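Shown next, in structure tokens, is the structure this report addresses.
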Amino acid sequence: MKDLKERTVLLTGASGGIGKRVARRLAAEGARVALVGRQADVLGALAEELRENGAKAEPVLGDLADAASLDDLVDRAERALGPIDVLINNAGVEVAAAFAKYEPAELNWIVDVNLMAPMLLTRRVLPGMVERGAGHVLFVSTGAAKVAPAFQAPYAATKAGLVSLAQSLRAEYHGTPIGFSVVLPGFVKGDGMYQVWVDQGVQASALLGSTTVDRIAGKIVGAVRRNKSEVLDMGMPVRSMFATTQLSPGFADRMARRMSPVFRKQASARDRL
């Protein structure tokens, strides 16, 4: 998928910080962008902005937690812009809390949006990609999928599932023209969930590094174009560190504890502890 011109991209989480930046980059590449989210005003404004710059864009309202509505969501996007060539599973939700204090409904919501929706959407668009002989699916995960901190158990677990999903699908579709990628950002400044925390005075240690919304957006589009299997971006070299965590569970425990204070603060701010 080296050339995205006139390709139709279904982008979930388009109303969020990373999603907006990805949409603009896709539009600049000449792609047609189906903007999926729940905020009609935000999606409408973004679609209008992209159209004014010469791109084809369409807001597609939908709730990813509603599994029964996902086929219709894809149908509406394809009626507006054509068959889906690229699916970017960018949407994600998190709730920082002590594990025993999560409500069952919260756990279901996190699993549905972060893991089930990407699986169902991918299952829906793959047959068409295979029939047309081209396609790419990208999953946006998180560094917490590699080293899971405290107070983020369901978020880390669902995002780790996306890493395994991408790896399994790459193996299953090896030798075909269908590609799969997963991008794992660290703490992302500039917009999005972590920036909200920063604005509230909750910030991670500088030792853990941080990246930016624009940088991650570039990594996402680049991974699609080059069929990258896995892209890590945390603002510092991390591959050797993550390799060590695989060889040494004790080291992984220490890294998880180092990451945990920022999430403890957020959980406390929500009166959950």
Side-chain angles (χ1 to χ4, degrees), residues 12-13 15-19 37-39 62-70 89-121 139-165 182-211 213 216 234 238 242 245 249-273:
T12 70
S15 57
I18 293 176
R38 294 182 298 169
Q39 302 179 57
D63 183 357
L64 298 188
D66 182 4
S69 71
L70 297 183
N89 292 290
N90 168 65
V93 295
E94 60 84 31
V95 178
F99 187 70
K101 294 193 176 182
Y102 283 103
E103 296 292 337
E106 290 178 312
L107 295 174
N108 286 328
W109 177 57
I110 294 169
V111 171
D112 287 345
V113 174
N114 291 1
L115 186 56
M116 283 303 302
M119 286 198 292
L120 291 171
L121 288 171
F139 305 97
V140 178
S141 180
T142 172
K146 296 288 188 179
V147 178
F151 310 104
Q152 284 285 333
Y155 178 72
T158 52
K159 290 296 189 174
L162 295 180
V163 177
S164 296
L165 180 59
V182 61
V183 174
L184 299 92
F187 294 110
V188 182
K189 289 186 174 180
D191 207 339
M193 291 184 289
Y194 180 62
Q195 186 60 48
V196 171
W197 293 15
V198 172
D199 293 341
Q200 295 172 350
V202 179
Q203 192 162 346
S205 166
L207 295 175
L208 297 174
S210 63
T211 185
V213 178
I216 293 301
M234 309 200 181
V238 292
F242 283 143
T245 65
F251 179 74
D253 284 346
R254 291 193 294 274
M255 284 303 303
R257 289 195 294 270
R258 183 179 290 272
M259 293 170 64
S260 296
V262 63
F263 300 107
R264 178 189 291 274
K265 292 176 183 177
Q266 191 65 8
S268 298
R270 291 174 56 88
D271 295 325
R272 290 189 167 276
L273 294 181

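Because only heavy atoms are used, hydrogens play no part in the values below, and waters and symmetry mates are left out as well, while side chains stay in. Computed from a predicted model, the values in this text were never measured in an experiment.
- The side chain to side chain contact (heavy atoms under 4.5 Å, CB included) check on Met119 picks up Leu115, Met116, Leu165, with sequence neighbours excluded.
- Applying the side chain to side chain donor-acceptor pair (under 3.5 Å) test to Thr12 and every residue at least two apart in sequence or in another chain returns nothing.
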Exercise. Apply side chain to side chain contact (heavy atoms under 4.5 Å, CB included) to the pair Leu70 and Leu64, showing each step before the final yes or no.
Key: CA-CA 7 Å; Leu70 297 183; Leu64 298 188; 3.9 Å; yes

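- Inter-residue side-chain proximity for Val111 and Pro154 is flagged as unmet; no heavy-atom pair is nearer than 4.5 Å.
- Contact between Lys159 and Thr142 at its shortest, heavy atoms only, is CB-CG2, 3.4 Å.
- By the side chain to side chain donor-acceptor pair (under 3.5 Å) test, Asn114 pairs with Thr158, sequence neighbours left out.
- Taking all atoms of both residues into account, the shortest heavy-atom contact from Ser141 to Val182 is CB-CG2, 3.7 Å.
- Listed here is the closest heavy atom pair of Glu94 and Tyr155: CB-CD1, 3.4 Å.
- Nearest heavy-atom pair across Asn89 and Pro118 is OD1-CA, 3.4 Å.
- When every heavy atom of Ala156 is checked against every heavy atom of Ala144, the shortest pair comes out as CB-O, 3.6 Å.
- Nearest approach of Val163 to Ala145, heavy atoms of both residues: CG2-CB, 4.0 Å.
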